[in-house]
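Report on the following structure.
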There are 2 protein chains.
Amino acid sequence: MSKSAKPPPSRSASKPPVRKRAARPSVVPRAAKGRTTTSPKTYHHGDLRRVLIAAALELAEEGGADAVSVREAARRAGVSPGAPFRHFPSRNDLMSAVAEEAQRRFRVSIAAAIAGTSADDPLARFRAFGMAYMRWAMTNPAHFEVISSGKYFSHDQSEALREDNDELIAMTEQLLMDALAQGQLRSSDLRVIKIAGRALVYGFARMKIDGHFPRWGVADAEADQMAEAIITLFVDGIAKPV
Amino acid sequence: MSKSAKPPPSRSASKPPVRKRAARPSVVPRAAKGRTTTSPKTYHHGDLRRVLIAAALELAEEGGADAVSVREAARRAGVSPGAPFRHFPSRNDLMSAVAEEAQRRFRVSIAAAIAGTSADDPLARFRAFGMAYMRWAMTNPAHFEVISSGKYFSHDQSEALREDNDELIAMTEQLLMDALAQGQLRSSDLRVIKIAGRALVYGFARMKIDGHFPRWGVADAEADQMAEAIITLFVDGIAKPV
DNA sequence: CGTGAATGTAATCACCGATTACACAATTGA
DNA sequence: TCAATTGTGTAATCGGTGATTACATTCACG
């Protein structure tokens with residue numbers, strides 16, 4: 001038993017026989033049309049694409065992005081292993097769809113955080129942006145990984161993904177331009193500030209997700225407060241001294 | 001992650017029965033005692049462990065960390081698929097060994113960079129440290145990923161890995177303490193500076209590796225110069241103003 | 001209705017990691 | 001010297017996965 005401690009999940013690892021699908025007579029499609037409010041079980045699923053994405057999101061939450069398998073998603077959707085092929089030609093296509101949904105949620109979260117700050121203080125908004133970024137990543141590590149790891153899709157593959165991402169980038173640029181216009185910054189090299197800020201929040205989020213915190217002496221309970229501290233340090237560093 | 005690491009290796013070109021065992025590198029230990037004429041192949045490889053690690057490093061370089069497969073490493077070593085099991089009970093154990101070797105090289109590179117700076121200026125050393133960190137990561141992306149992704153091993157599994165890592169952490173702490181003692185810092189919260197600095201360089205390295213640079217308008221050719229710029233921005237931000 | 005386009009099933013294939021029984025070599029020590 | 005022990009590679013097999021094709025069923029629309 002000892003050896004099965006908990007190796008970073010390799011998908012091919014143990015698959016406890018938990019998959020008991022309610023015995024589905026594979027060729028008794030129609031049948032109960034009348035009343036069964038439970039499971040009409042039609043031959044055609046009807047909403048497979050959506051259900052597959054949901055299942056994949058769930059799998060990612062449970063075991064990390066690498067734990068997502070097309071077959072398992074199909075199992076959870078109650079269809080055959082080949083069925084997803086109709087909707088997603090490859091696993092990467094599924095992951096792209098997952099990424100789209102995850103990124104959509106991400107953006108909603110960011111937008112909400114920014115909306116709660118004053119438009120009169122661009123630097124404060126910039127700070128709130130960074131905080132919201134790190135918070136969401138730490139709260140949804142697997143989804144964040146799908147979005148950002150660059151291993152599951154290319155931006156060239158998804159118009160929505162690319163647009164969403166570009167919009168976030170444009171937002172940071174706008175905030176920095178406003179801050180500069182209001183004389184809040186001590187440097188005018190916005191490009192460098194933009195990349196540095198992004199690297200900071202992305203790096204912090206990945207440190208959490210990649211399990212670096214224990215080695216660096218950051219307890220999970222104080223991660224949020226540490227995020228506040230580093231974004232404050234950064235913003236103070238770029239702000240024009242009073 | 002059982003297999004999908006190799007997306008479309010069109011099956012035909014994939015593996016013609018070419019076992020490139022020709023000219024097995026490094027030591028062919030005994031064997032060559034009497035008749036090296038026909039087949040220097042001994043039943044016992046003699047140095048399989050080392051060769052497997054080398055092959056895995058090579059595979060990582062070629063196709064990323066996920067492209068490393070035990071079977072392919074065995075193929076390149078000219079042994080049967082089960083042979084590696086004698087030396088590495090699991091793929092993760094192989095990857096841990098790969099990580100150890102990669103981390104050793106990483107540390108050598110860092111040490112060399114630091115040695116080239118003056119001990120009288122801790123902040124300059126801190127800066128050089130960060131630069132060396134980002135440079136090595138960008139030069140050896142796959143190896144860096146194996147070390148840092150946290151997906152291939154746990155620090156609990158490898159004494160050497162843990163010690164190497166702790167030493168790097170201790171080094172940053174020492175540098176910051178020295179800098180503070182010399183009055184180079186405007187803040188005395190070294191812990192926050194430490195985490196923020198680490199997040200910055202790690203985040204920048206991962207942005208490069210994860211393919212974020214194009215979206216953020218950073219050309220490959222200027223990545224090094226951008227690294228210089230952001231570490232400068234950061235150091236200026238924490239330095240006591242003159 | 002009836003027919004064609006969608007959509008799911010079944011059956012394969014190749015690859016992978018893991019594991020076991022077995023074969024062979026190298027080392028040891030009496 | 002030589003037999004036994006220990007170490008190391010081979011062969012065979014298992015279950016899991018992504019991909020792909022031929023076939024079955026159903027739906028939607030004329």
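All chains are named by letter (A, B, ...) in the order of the sequence lines, taking the proteins before the strands, and each is independently numbered beginning at 1.
- What separates CZ of A:R86 from P of D:dG18 is a distance of 18 Å, to the nearest Å.
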Going by atom type alone, with no hydrogens or angles, which donor-acceptor pairs under 3.5 Å involve a side-chain atom of residues 128-135 of chain A and a protein atom two or more places apart or on another chain?
unit_1 : atom_1 : unit_2 : atom_2 : d
A:R135 : NE     : A:D224 : OD1    : 2.5
A:R135 : NE     : A:D224 : OD2    : 3.4
A:R135 : NH2    : A:D224 : OD2    : 3.0
A:R135 : NH2    : A:E228 : OE2    : 3.1

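- Residue A:F88 contributes atom CZ, which lies 15 Å from atom C1' of C:dG8 at whole-angstrom precision.
- Checking the phosphate oxygens (OP1, OP2) of D:dG16, no side-chain nitrogen or oxygen of A:R75 falls inside 4.0 Å.
- Taking atom CZ of B:R50 as the reference point, atom C1' of D:dT8 lies 16 Å away to the nearest angstrom.
- At C:dA10, none of the side-chain N or O atoms of A:S80 fall inside 4.0 Å of OP1 or OP2 (strictly under the cut-off).
- Taking atom CD of A:E72 as the reference point, atom P of D:dG15 lies 17 Å away to the nearest angstrom.
- Distance CG (A:D93) to P (D:dA19): 8 Å, rounded to an integer number of Å.
- For A:H87, no side-chain nitrogen or oxygen approaches OP1 or OP2 of C:dA6 to under 4.0 Å.
- The pair B:R76-B:E62 meets the salt-bridge criterion, since a charged nitrogen lies less than 4.0 angstrom from a carboxylate oxygen.
- More than 12 heavy atoms of other residues, nucleotides or ligands shown are found within 6.0 angstrom of CZ on B:R105.
- For B:D47 and D:dG7, the CG to P distance is 17 Å, given to the nearest whole Å.
- Comparing B:F85 and A:A83 by the nucleotide of DNA chain C whose heavy atom lies nearest to each, the residue mapping closer to the 5' end is A:A83.
- Contact check, B:R91 against C:dG17: a side-chain N or O comes under 4.0 Å of OP1 or OP2.
- For B:R49 and D:dG9, the CZ to P distance is 12 Å, given to the nearest whole Å.
- You'll find a donor-acceptor pair under 3.5 Å spanning the side chain of B:R71 and the base of C:dG17, going by distance alone.
- For B:L48, the listed nucleotide lying nearest its side chain is D:dG9; candidates were D:dG9, D:dG18, C:dG8.
- Checking side-chain atoms of A:E72 against main-chain N and O of A:S69 turns up no donor-acceptor pair under 3.5 Å.
- Atom CG in A:D66 sits roughly 14 Å away from atom C1' in D:dG18 (whole-Å rounding).
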Go through it in stages, so that I can follow the logic: the residues are B:D93 and B:S90, the test is side chain to side chain donor-acceptor pair (under 3.5 Å), and I'd like the CA-CA distance, side-chain angles, deciding distance and then a yes or no. CA-CA 5 Å; B:D93 292 292; B:S90 79; 2.8 Å; yes
